[in-house]
Colleague: 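Please read through the structure below; I'll follow up with questions.
Each chain gets a letter, A, B and so on, in the order its sequence line appears, and its residues count up from 1.
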Amino acid sequence: TQLLEQSPQFLSIQEGENLTVYCNSSSVFSSLQWYRQEPGEGPVLLVTVVTGGEVKKLKRLTFQFGDARKDSSLHITAAQPGDTGLYLCAGASTNAGKSTFGDGTTLTVKP
Amino acid sequence: GAVVSQHPSRVICKSGTSVKIECRSLDFQATTMFWYRQFPKKSLMLMATSNEGSKATYEQGVEKDKFLINHASLTLSTLTVTSAHPEDSSFYICSAHQVSSYNEQFFGPGTRLTVL
């Protein structure tokens with residue numbers, strides 16, 4: 001069974017601060033996704049990383065896939081209240097669709 | 001982007017009744033759909049994998065006779081919670097997978113089920 005450990009579980013910061021969320025596993029993934037979910041809604045796909053060492057940027061969000069494709073990180077620069085939500089990482093060892101989800105990081109950005 | 005709808009968004013029912021939740025991929029064909037259950041401030045718990053035209057694959061601990069899944073077309077999957085009880089109250093979310101994607105899942109907006 002593949003496990004994805006996500007940390008921290010909860011994060012409360014002030015607007016303008018930077019933060020990093022980590023997603024770690026002992027398993028190798030063929031791809032890894034990051035999603036963001038707001039209360040009462042479904043998760044929304046932010047990014048997919050597939051190549052070891054890959055770095056992708058989405059405005060103030062920077063996603064990195066580990067060289068061994070076992071871990072990933074999400075870094076947010078100058079966080080804003082609109083970044084508040086549950087961040088989920090998900091990894092899969094094949095492209096058949098089924099993914100393993102991390103436990104999630106609940107981020108609160110205070111104005 | 002790929003759009004997935006889910007209906008109803010909220011449902012309140014009496015204990016012992018059955019509730020059907022629909023999940024539709026609106027602008028793409030989904031050979032595989034997933035059904036999740038989510039508890040407050042927790043991650044997604046996969047219940048079952050639904051493949052078009054075949055029986056669903058249930059995760060360990062999920063009762064197949066209680067949570068009936070039908071995936072009759074490439075754009076529609078349904079989850080029926082049979083003989084619902086208060087402990088079935090939860091947030092149910094479906095997702096659809098595009099064959100050509102890297103395991104990217106596109107989620108519906110979720111259904112809040114409350115069983116009285």
Colleague: Same cluster or not: are Leu79(B) and Phe91(B) linked, directly or through other Ile, Leu, Val, Met, Phe, Trp or Tyr residues, by side-chain heavy atoms under 4.5 angstrom apart?
Modeller: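 The answer is no; the residues belong to distinct hydrophobic clusters.
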Colleague: Rounded to the nearest 0.5 Å, what separation is found between the NZ atom of Lys42(B) and the CG atom of Asp103(A)?
Modeller: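 Reported to 0.5 Å precision, the distance equals 7.5 Å.
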Colleague: With a 6.0 Å cut-off (strictly less than), is the heavy-atom count around OH of Tyr58(B), excluding the residue itself, greater than 12?
Modeller: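 Correct, the count exceeds 12.
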Colleague: With side chains defined as the heavy atoms from C-beta onward, is the minimum distance between Thr57(B) and Lys98(A) less than 4.5 Å?
Modeller: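 No, too far: nothing below the 4.5 Å cut-off.
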Colleague: When you compare the side chain of Ser99(A) with that of Leu46(B), does any pair of heavy atoms fall below 4.5 Å?
Modeller: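 Result no, sub-4.5 Å side-chain heavy-atom pair not found.
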Colleague: Should the heavy atoms of other residues, nucleotides or ligands under 6.0 Å from NE2 of His85(B) be counted, would the total exceed 12?
Modeller: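 For His85(B), atom NE2 is crowded (more than 12 foreign heavy atoms under 6.0 Å).
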Colleague: Counting only non-hydrogen atoms closer than 4.5 Å, does Gln38(B) touch chain A with its backbone (N, CA, C, O), its side chain (CB onward), both, or neither?
Modeller: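 The side chain, not the backbone.
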Colleague: Are Val4(B) and Met47(B) co-members of a hydrophobic cluster defined by side-chain heavy atoms under 4.5 Å apart?
Modeller: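 In one cluster with Met47(B): Val4(B), no.
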Colleague: Please rank Pro39(A), Gly102(A), Pro43(A), Gly104(A) by heavy-atom pairs under 4.5 Å with chain B and give me the top one.
Modeller: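 When all of Pro39(A), Gly102(A), Pro43(A), Gly104(A) are compared, Pro43(A) has the most.
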Colleague: Applying the 4.5 Å side-chain criterion to the ILVMFWY set and letting contacts propagate, would Trp35(B) and Val115(B) be lumped into a single cluster?
Modeller: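 Yes; Val115(B) is reachable from Trp35(B) via cluster members.
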Colleague: Under a single-linkage definition using a 4.5 Å side-chain heavy-atom cutoff for Ile, Leu, Val, Met, Phe, Trp and Tyr, are Leu76(B) and Val11(B) assigned to the same hydrophobic cluster?
Modeller: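 Hydrophobic grouping puts Leu76(B) apart from Val11(B).
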Colleague: Checking heavy atoms, do the side chain of Gln6(A), its backbone, both or neither come under 4.5 Å from chain B?
Modeller: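 It is neither, since no heavy atom gets under 4.5 Å.
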Colleague: Could you grab the distance from atom CG of Asn103(B) to atom OG1 of Thr100(A), nearest 0.5 Å is fine?
Modeller: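 Result: 10.0 Å between the selected atoms.
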Colleague: Taking every non-hydrogen pair under 4.5 Å, which of Arg112(B), Met45(B), Glu59(B) racks up the most with chain A?
Modeller: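 Answer, by heavy-atom pair count under 4.5 Å with chain A: Glu59(B).
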Colleague: Please say yes or no: joined through hydrophobic side-chain contacts below 4.5 Å, possibly via intermediate residues, are Leu19(A) and Leu61(A) part of one cluster?
Modeller: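 Leu19(A) and Leu61(A): one cluster.
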Colleague: State, yes or no, whether a side-chain contact exists between Val44(A) and Phe107(B) at a heavy-atom distance under 4.5 Å.
Modeller: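 Of all side-chain heavy-atom pairs linking Phe107(B) with Val44(A), none is under 4.5 Å.
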Colleague: So with a 6.0 Å cut-off around NZ of Lys66(B), is the heavy-atom count from everything else above 12?
Modeller: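 Enclosed: over 12 neighbouring heavy atoms sit under 6.0 Å from NZ of Lys66(B).
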Colleague: How long is the gap from OG on Ser9(B) to CD on Glu41(A), to the nearest 0.5 Å?
Modeller: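 So the OG of Ser9(B) and the CD of Glu41(A) are separated by 11.5 Å.
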Colleague: Hey, could you give me the OH/OG distance between Tyr35(A) and Ser95(B), rounded to the nearest 0.5 Å?
Modeller: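 It comes to 7.0 Å.
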Colleague: Got Gln33(A) and Glu104(B) here, is their nearest side-chain heavy-atom distance under 4.5 Å?
Modeller: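 Gln33(A) reaches Glu104(B) side chain to side chain.
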Colleague: Measure across Gln105(B) and Phe101(A) and return the closest heavy-atom pair with its distance rounded to 0.1 Å.
Modeller: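 Looking at all heavy atoms of both residues, the closest pair is NE2-CE1, 4.4 Å.
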